[in-house]
Amino acid sequence: MKVAVLDIKGKETGREANLSDAVFGIEPNEHAVYLDVKQYLANQRQGTHKAKERAEIVGSTRKIKKQKGTGTARAGSIKSPIFRGGGRIFGPRPKDYRFKLNKSLKRLARRSALSQKAKENSLMVVEKFDFDTPKTKNFLNLLQALGVDDKKTLFVLGEKNKNVYLSSRNLKSSEVIMSSELSTYKVLNAKNVIFVEGALEEIETNLSK
């Protein structure tokens with residue numbers, strides 16, 4: 001598959017980028033994508049939720065009323081879960097939600113996500129560029145020139161570019177990442193995926209293994 005390489009003004013440069021069919025032209029595996037996205041979201045959970053149970057409540061241990069003759073149910077402790085301020089029954093405890101996936105499955109999921117974007121014509125390739133200074137306006141002008149200023153966009157860089165990263169940081173609808181940070185979730189979470197020249201080679205090398 002070939003895609004025209006654009007400049008920062010959104011015009012074709014006359015060159016084309018060749019997208020590997022092994023990465024951008026496979027039949028998407030939905031179950032692999034599901035598992036990879038599930039793992040990504042699970043890894044974002046801190047798992048620090050905690051509620052105090054009966055044994056952890058600080059309070060008096062005296063019997064709060066006599067056993068018989070009150071006409072109500074017997075009660076032995078103010079820390080009982082049936083009273084306000086008492087412990088919680090089977091409350092949440094700290095937990096690690098992470099789980100392992102094989103590298104081959106994760107590579108399949110990313111190839112599937114990229115292939116789906118290619119089918120939807122949601123992939124673009126832009127020639128290498130840089131900004132003199134970090135400026136949000138410069139990045140907005142780039143998005144407008146590419147016609148994606150009103151869409152959720154993922155920029156994939158081949159090498160670190162501090163000015164480009166800082167220029168995009170204030171925009172909620174766009175994200176700039178390195179090719180090594182590419183994930184299935186980020187690809188699917190964006191409407192358009194834009195590769196800067198140089199990023200494609202590394203991605204195809206990593207995902208073709």
F139 and K135, any side-chain heavy atoms less than 4.5 Å apart: no

Side-chain (S80) to main-chain (S77) donor-acceptor, under 3.5 angstrom: no

Closest contact, heavy atoms only, A32 versus A109: O-CB, 3.4 Å

Reported NZ-to-CD distance for the pair K100 and Q39, which is rounded to 0.5 angstrom: 9.0 Å

D36 side, atom CG; N29 side, atom CG - distance, nearest 0.5 Å: 11.0 Å

From CD1 (I177) to OG (S183), nearest 0.5 Å: 6.5 Å

Spatial distance of atom OG1 (T184) from atom CG (L114) [nearest 0.5 Å]: 8.0 Å

T70 side chain to K68 backbone, donor-acceptor under 3.5 Å: no

Carboxylate-amine/guanidinium proximity below 4.0 Å for R93 and E53: yes

NZ/NE/NH1/NH2 to OD/OE distance under 4.0 Å, E27 and R111: no

N-O pairing of D7 and K9 below 4.0 Å: no

Test: E127 and R15 ion pair at under 4.0 Å: yes

Heavy-atom pair with the smallest gap, counting every atom of A42 and Y97: CB-O, 3.6 Å

Sidechain-backbone polar pair: T153 side chain, N192 backbone, donor-acceptor under 3.5 Å: no

N/O donor-acceptor pair under 3.5 Å between N206 side chain and E202 backbone: yes

Under 3.5 Å donor-acceptor, E204 side chain and S20 backbone: yes

Heavy-atom donor-acceptor pair, Q116 side chain to A113 backbone, under 3.5 Å: no

Ring-ring centroid check F195 F155, cutoff 6.0 Å: no

S167 (side chain) donor-acceptor with T136 (main chain) under 3.5 angstrom: no

salt_bridge(E120, K191) N-O dist < 4.0 Å: no

Close side-chain approach of S174 and K152, heavy atoms under 4.5 Å: no

Heavy-atom closest pair, residues L6 and T13: C-CG2, 3.8 Å

Euclidean distance, L146 CG relative to K11 NZ, rounded to 0.5 Å: 13.0 Å

K95 and T48: side chain donor to acceptor below 3.5 Å: no

CD1 on I64 to NZ on K79, rounded to 0.5 Å: 12.0 Å

Check: N102 side chain, L105 main-chain N or O, donor-acceptor pair, under 3.5 Å: no

Nearest heavy-atom neighbours spanning S179 and A199: CB-O, 4.1 Å

